[in-house]
Amino acid sequence: MTRLAFGDRVMHITIYTFLILLSFSALYPFWNALVVSFNLGLDTSKGGVTFWPRVFTLENYEIVFNDKRLINGLAISVSRTVVGTATAILMTAILAYGMTKRELIGRNVYMVYFIFTMYFVGGLIPTFLLYRSLGLMNSFWVFILPALISVWNMIIFRTFFKGLPAGLEESAKVDGCTNWGILFRIVLPLSGPVIATLALFTAVSHWNDWFIASIYINNEKLLPIQTMLRQILNANIVTDMSNNLDTASQARIESARTITTKSLTMATMMVATLPIVLVYPFVQKYFVKGVLIGSLKE
């Protein structure tokens, strides 16, 4: 092994130290939130809880998992993410494939129209009135239908599709394959990295969104977990959630006065965050390949 010069060693040490500190600054807030969620709420209010729980407890999670509203919110978030991601990727891919066809009349006009919507929107009030007229208020479909098409994702799909060898489609057409058959049997199976990357981006967007429900949903049964998490910060939410516990747990926790808004917020945040975080390791290898191929290849 070649021995590095003194200047190179100093540079390597500096770079690695900087990266370690940067990684620590990014990971520590999440780790501290996890620690606080497992620490006694009353003890957390005293401060000084950093890397490990000082007084370990599961009472914060006991309240979370005994609250039917939060469990229902988790189910809504999962349903919204799965359905919303699948339909958005499918519809966007179909649109992108159509936009690759040179024989499509008015293709450039359509493209200008799509790009225009990336920069200009009607605003909250016109959007609210539109959704109300379409019957999307207090409906699960308000999470799905407005997000069916992403222009940015369509551009990435379109660029990737244009980079596929033209001979694939020509040979398929010779064999009698239709455009639908080419898309679903040839193009999409070859688009795994791009689909995985854009599906993750779409899933994270659906999972993390709380604003849509706060504006267009009044039915508590349709609120996703992120909107419920926001409501936990309201004044009397701790007492309200504690009332949902069984009698024995409620008496034990309230007698000890251990639950605080902060500890309950952290526990709920972990429940709301971990599912989407666990997805990352399975699709991380597609990130660079999928985005670079889809955005740079022509």
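Computed from a predicted structure; not experimentally measured.
- Within 6.0 Å of the CD1 atom in Ile105, the count of heavy atoms belonging to other residues, nucleotides or ligands does not exceed 12.
- A heavy-atom distance below 4.5 Å is not found between the side chains of Gln226 and Phe211.
- Residues Asn60 and Ser263 bring a donor and an acceptor atom of their side chains to less than 3.5 Å of each other.
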- request: Decide salt bridge (Lys or Arg N to Asp or Glu O under 4.0 Å) for Lys101 and Glu169; before the verdict, give the C-alpha distance in whole Å, the side-chain angles of both, and the deciding distance to 0.1 Å.
  value: CA-CA 11 Å; Lys101 301 303 178 182; Glu169 291 194 26; 2.6 Å; yes
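- The closest donor-acceptor contact from the side chain of Ser191 to the backbone of Val194 lies at 3.5 Å or more, if one exists at all.
- For the atom pair OG1 (Thr81) and CD1 (Ile276), the distance works out to 6.0 Å, reported to the nearest 0.5 Å.
- Considering only heavy atoms from C-beta on, Met11 comes within 4.5 Å of Ile15 through its side chain.
- The two atoms that bring Thr92 and Ala88 nearest to each other are OG1-O, 2.6 Å, heavy atoms only.
- Between the side chain of Asn32 and the main chain of Thr50, a donor-acceptor pair closer than 3.5 Å is present.
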message: Please evaluate residues Leu222 and Asn72 with respect to the criterion side chain to side chain contact (heavy atoms under 4.5 Å, CB included), reporting the C-alpha separation (whole Å), side-chain torsions for both, the decisive distance (0.1 Å), and the verdict.
response: CA-CA 8 Å; Leu222 291 176; Asn72 180 75; over 6 Å; no
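- For Phe143 and Tyr216, the ring centers are positioned 6.0 Å apart or more.
- Taking OG from Ser150 and CD1 from Ile89, the interatomic distance works out to 8.0 Å, rounded to the nearest 0.5 Å.
- Heavy-atom minimum distance, Ala93 versus Leu188: CB-CD2, 3.9 Å.
- With contacts defined as side-chain heavy-atom distances shorter than 4.5 Å, the pair Phe157/Tyr97 does not qualify.
- Phe38 and Leu58 make their closest contact through CE2-CD2, 3.5 Å (heavy atoms, listed as atom of the first residue, atom of the second, distance).
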List the atom pairs, donor and acceptor, that lie under 3.5 Å between side-chain atoms in residues 115-136 and the rest of the protein, sequence neighbours left out.
{"from": "Thr117", "atom 1": "OG1", "to": "Phe114", "atom 2": "O", "distance (Å)": "2.5"}
{"from": "Thr127", "atom 1": "OG1", "to": "Gly123", "atom 2": "O", "distance (Å)": "2.6"}
{"from": "Ser133", "atom 1": "OG", "to": "Leu129", "atom 2": "O", "distance (Å)": "3.3"}
{"from": "Ser133", "atom 1": "OG", "to": "Leu130", "atom 2": "O", "distance (Å)": "2.7"}

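- Under the side chain to side chain contact (heavy atoms under 4.5 Å, CB included) rule, Trp207 has a single partner from Val78, Thr273, Thr85, which is Val78.
- At most 12 non-hydrogen atoms from other residues, nucleotides or ligands lie less than 6.0 angstrom from OH of Tyr113.
- Here the shortest heavy-atom pairing between Val271 and Val64 reads CG2-CG1, 4.0 Å.
- Checked by atom type and distance alone, the side chain of Asn219 pairs as donor or acceptor with a backbone atom of Lys221 at under 3.5 Å.
- Heavy-atom minimum distance, Ile76 versus Phe140: O-CE1, 4.3 Å.
- Between Ile225 and Ser77, the shortest heavy-atom contact is N-OG, 2.8 Å.
- Put simply, the side chain of Met111 reaches to within 4.5 Å of the side chain of Met154, judged on heavy atoms.
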message: Using side chain to side chain contact (heavy atoms under 4.5 Å, CB included), reason through Trp52 and Trp31 one step at a time and then give a plain yes or no.
response: CA-CA 9 Å; Trp52 303 102; Trp31 175 256; 3.9 Å; yes
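- Here the OG-CD1 distance, from Ser171 to Ile186, works out to 6.0 Å after rounding to the nearest 0.5 Å.
- No side-chain heavy atom of Ser23 sits under 4.5 Å from any side-chain heavy atom of Ile20.
- Checking side-chain atoms of Thr227 against main-chain N and O of Leu223 turns up no donor-acceptor pair under 3.5 Å.
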- request: Show the numbers, then the answer: is there a side chain to side chain contact (heavy atoms under 4.5 Å, CB included) between Lys262 and Thr44?
  value: CA-CA 8 Å; Lys262 182 176 180 180; Thr44 301; 4.3 Å; yes
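- At a threshold of 4.5 Å between non-hydrogen side-chain atoms, the residues Phe184 and Leu90 count as touching.
- Proximity of a side-chain donor or acceptor of Asn66 to a complementary backbone N or O of Glu62 within less than 3.5 Å is detected.
- Considering CG of Leu190 and CG of Leu168, their distance stands at 6.5 Å, rounded to 0.5 Å.
- Residues Ile182 and Lys173 have side chains in contact (heavy-atom distance under 4.5 Å, counting atoms from C-beta outward).
- In this structure, the side-chain hydrogen bond (donor to acceptor under 3.5 Å, both in side chains) partners of Tyr61, at least two apart in sequence or on a different chain, are Ser37.
- Looking at Asn39 and Phe56, their side chains never come closer than 4.5 Å, going by heavy atoms from C-beta outward.
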